[in-house]
Amino acid sequence: KGSHELQLYSLGTPDGITVTILLEELSETHGIEYDAWRQSASPTLVDTSVEPSIRVVEPGHILKYVAEKHQAFLPAELRARTECFNWLFWITAAKIDLGDGFGHFYAYADVKVEYAVNR
């Protein structure tokens, strides 16, 4: 366990990088600090500021949790907030079609499948 309230477990995958970018932005704007551990392909955040600690999984949920916790980057007005979440949830649901699949098949798959890379 690190010395800060937020503990991020993630590898250098696009999902993990997305969460790290938000945490770095909040570090600059709100002074939050976090510890990062290279341990999980799918990011997991542990908030140790409460007892028992809260685990948050999946990048979209982590982004929402951290933004709400620190009251940052989210509109207060209902229509604008709903639109923000529409886009957040759409991109996290669609990412497999938009690039994650390519990254896996191009760089990590044991068997190179030309169709999967070229699609």
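In this structure R55 satisfies the side chain to side chain donor-acceptor pair (under 3.5 Å) test with no other residue, sequence neighbours excluded. Shown here are the side-chain contact (heavy atoms from CB on, under 4.5 Å) partners of S3, two or more places apart in sequence or in another chain: D35.
Screening L11, I17, T13 for a side chain to side chain contact (heavy atoms under 4.5 Å, CB included) involving D15 leaves a single residue, T13. The residue from L23, V57, V56, T44 that alone fulfils the side chain to side chain contact (heavy atoms under 4.5 Å, CB included) condition with I62 is V56.
Looking at C84 and L74, their side chains come closer than 4.5 Å, going by heavy atoms from C-beta outward. Using a 4.5 Å cut-off on side-chain heavy atoms (C-beta onward), K69 and S49 make contact.
Checked by atom type and distance alone, the side chain of Q7 pairs as donor or acceptor with a backbone atom of G2 at under 3.5 Å.
Note on L22 and F89: same hydrophobic cluster, where clusters join Ile, Leu, Val, Met, Phe, Trp and Tyr whose side-chain heavy atoms are under 4.5 Å apart, directly or indirectly. Residues F85 and F73 share a hydrophobic cluster, clusters being chains of Ile/Leu/Val/Met/Phe/Trp/Tyr side chains in contact below 4.5 Å. By the rule that hydrophobic residues join a cluster once side-chain heavy atoms approach within less than 4.5 Å of another member, V46 and Y65 end up as members of separate clusters. Hydrophobic clustering places L88 together with V66 (ILVMFWY residues linked when any side-chain heavy atoms are closer than 4.5 Å, directly or through intermediates). A continuous path of Ile, Leu, Val, Met, Phe, Trp and Tyr side chains, each step under 4.5 Å between heavy atoms, connects L6 with I54, placing both in one hydrophobic cluster.
Across all their heavy atoms, L8 and V19 have their closest contact at CD1-CG1, 3.8 Å. Here the closest non-hydrogen pair linking R81 and P75 is NH1-O, 3.1 Å.
Evaluation of the side-chain hydrogen bond (donor to acceptor under 3.5 Å, both in side chains) test over residues 20-30, restricted to residues two or more places apart or in two chains, returns E24-Y34.
Rounding to the nearest 0.5 Å gives a distance of 7.5 Å between CD of E83 and CH2 of W87. The CD atom of E77 sits 8.0 Å away from atom OG1 of T82, with the distance rounded to the nearest 0.5 Å. We find the OG1-NE2 distance between T92 and H61 to be 11.0 Å, quoted to the nearest 0.5 Å.
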